[in-house]
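Notes for the one structure printed next.
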Amino acid sequence: MGRRASLIAMTAVLLLSGCHHGDAETAHASAAALLAEAPLASAGFPPTAATARTQLAKLTVEWGKNWETYKRENFGRYWSDETDAVGGRNGCDTRDDVLRRDLSELREGDRNPCVVVSGTLHDPYTGKELPYYYRRASQIQTDHVVALGAAWRAGAYAWTPERRLAYANDLDVLLAVDKQTNYEKSSKTADKWKPPVKSYWCEYARRYTGIKAKYGLSVTPPEKEALREMLGTCPE
């Protein structure tokens, strides 16, 4: 367990053991400070448009394989903090990490700084303003920008279970988005689905291409053309 995870765990122990109020406050403040230092995206991600175009040109172009063998469980059954991906081993649930990064007007837990109590998502795909409240029904879901099924067809079928678990929990791969739009996107690739808000095409293609390059995933010919088109909307 890393230093951040250990300190967050210590916070929980102090609170549950009935420690003095001052001790709990000190532990909570220390854990919150460490979390604030923890990166929620890797350096240089998402790539610039110019970098994404260079990355796109270098991706292997081929048709997807082994689509019939895909199962969600191949990437792990649940969210996991036990990976070396961005956001891993910081003591927080992956989904909470995504919410802490993507929501505005954020309120974190008084007892546990990992927990997001409330906030607002400006959905990048639709432009909707979506409220979030802890333990209430929400219109927010966590999307894998390059979906797990799409990643499987593009090469993840050959990965180790550990690498697939890391991919599924890598904050660079994830976005908080509108639930219904995420259902519509499903495991579609960039040639089959684009964000309804065209002004987001540039960043979407940058993220999507950056993920493909980071994990050495292939693209199909139509997928590559769709990414090239969306990168073409980026300001020069």
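None of the values given here were measured: they were computed from a predicted structure.
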Carefully, step by step, assess Arg163 and Thr160 under the rule side chain to side chain contact (heavy atoms under 4.5 Å, CB included). CA-CA 5 Å; Arg163 184 167 174 80; Thr160 63; 3.5 Å; yes
By side-chain contact (heavy atoms from CB on, under 4.5 Å) - contacts of [X] (at least two apart):
X	answer
Glu73	Lys71, Arg77
Lys198	Trp201
Tyr183	Gln141, Lys179, Gln180
Thr60	Glu62, Ser218

Hey, could you give me the [atom1]/[atom2] distance between [X] and [Y], rounded to the nearest 0.5 Å?
X	Y	atom1	atom2	answer
Lys224	Thr189	NZ	OG1	15.0 Å
His144	Lys185	NE2	NZ	9.5 Å
Asn90	Arg100	CG	CZ	6.0 Å
Asn112	Cys92	CG	SG	6.5 Å
Asn66	Thr69	CG	OG1	4.5 Å
Leu231	Glu203	CG	CD	11.5 Å

Validation row: [X], [Y] side chains within 4.5 angstrom (heavy atoms):
X	Y	result
Met230	Tyr200	no
Leu175	Asp102	yes
Trp152	Asn74	yes

Could you walk me through whether Leu171 and Val98 pass side chain to side chain contact (heavy atoms under 4.5 Å, CB included), step by step? CA-CA 7 Å; Leu171 299 187; Val98 173; 3.8 Å; yes
Applying side chain to side chain contact (heavy atoms under 4.5 Å, CB included) to Val86 and Lys214, what does each step give before you reach the verdict? CA-CA 12 Å; Val86 178; Lys214 179 176 181 177; 3.9 Å; yes
Any Lys/Arg nitrogen of [X] or [Y] sitting under 4.0 Å from an Asp/Glu carboxylate oxygen of the other?
X	Y	result
Asp81	Arg89	no
Lys128	Asp123	no
Glu223	Lys212	yes

Should the heavy atoms of other residues, nucleotides or ligands under 6.0 Å from [atom1] of [X] be counted, would the total exceed 12?
X	atom1	result
Lys188	NZ	yes
Trp63	CH2	yes
Arg72	CZ	yes

Answer with yes or no whether the side chains of [Y] and [X] bring together a donor and an acceptor at under 3.5 Å.
X	Y	answer
Asn169	Thr94	yes
Trp79	Thr142	no
Thr209	Gln55	no

Thr54 vs Thr51, test: side chain to side chain donor-acceptor pair (under 3.5 Å). Steps then yes/no. CA-CA 5 Å; Thr54 299; Thr51 298; over 6 Å; no
Apply side chain to side chain donor-acceptor pair (under 3.5 Å) to the pair Asp172 and Ser42, showing each step before the final yes or no. CA-CA 7 Å; Asp172 286 348; Ser42 59; 2.4 Å; yes
Would a single hydrophobic cluster contain both Leu148 and Leu165, if residues Ile, Leu, Val, Met, Phe, Trp and Tyr are joined by side-chain heavy-atom contacts under 4.5 Å?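 In one cluster: no.
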Single-linkage hydrophobic cluster, 4.5 Å side-chain cutoff, Phe45 and Val173 together: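 Result: yes, single cluster for both.
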Quick check: closest heavy atoms across [X] and [Y], and the distance to 0.1 Å?
X	Y	result
Ser138	Pro131	OG-O, 4.2 Å
Ala150	Ser187	CB-O, 3.8 Å
Pro124	Ala176	CD-O, 3.7 Å
Gly127	Val197	N-CG2, 3.8 Å
Pro47	Arg206	O-NE, 2.7 Å
Cys234	Arg53	CB-NH2, 4.1 Å

Does the Arg153 side chain pair with the main chain of Trp67, one donor and one acceptor, at a distance under 3.5 Å?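 Answer holds: no.
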Inter- and intrachain pairs under ring pair (Phe, Tyr, Trp, His ring centres under 6.0 Å), touching residues 202-236, at least two apart: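 Listed once each, the pairs are Tyr125-Tyr204, Trp159-Tyr215, Tyr167-Tyr215, Trp193-Tyr204, Tyr204-Tyr208.
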Cluster partners of Leu103, using ILVMFWY side-chain heavy atoms under 4.5 angstrom, listed by chain and number?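 Under the 4.5 Å side-chain rule, Leu103 groups with Leu99, Leu106, Val115, Val116, Leu121, Leu130, Tyr132, Tyr134, Ile140.
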Under the criterion side chain to side chain contact (heavy atoms under 4.5 Å, CB included), I'd like the reasoning laid out for Val219 against Leu227: C-alpha separation, chi angles, the key distance, then a yes or no. CA-CA 10 Å; Val219 288; Leu227 290 167; 4.3 Å; yes
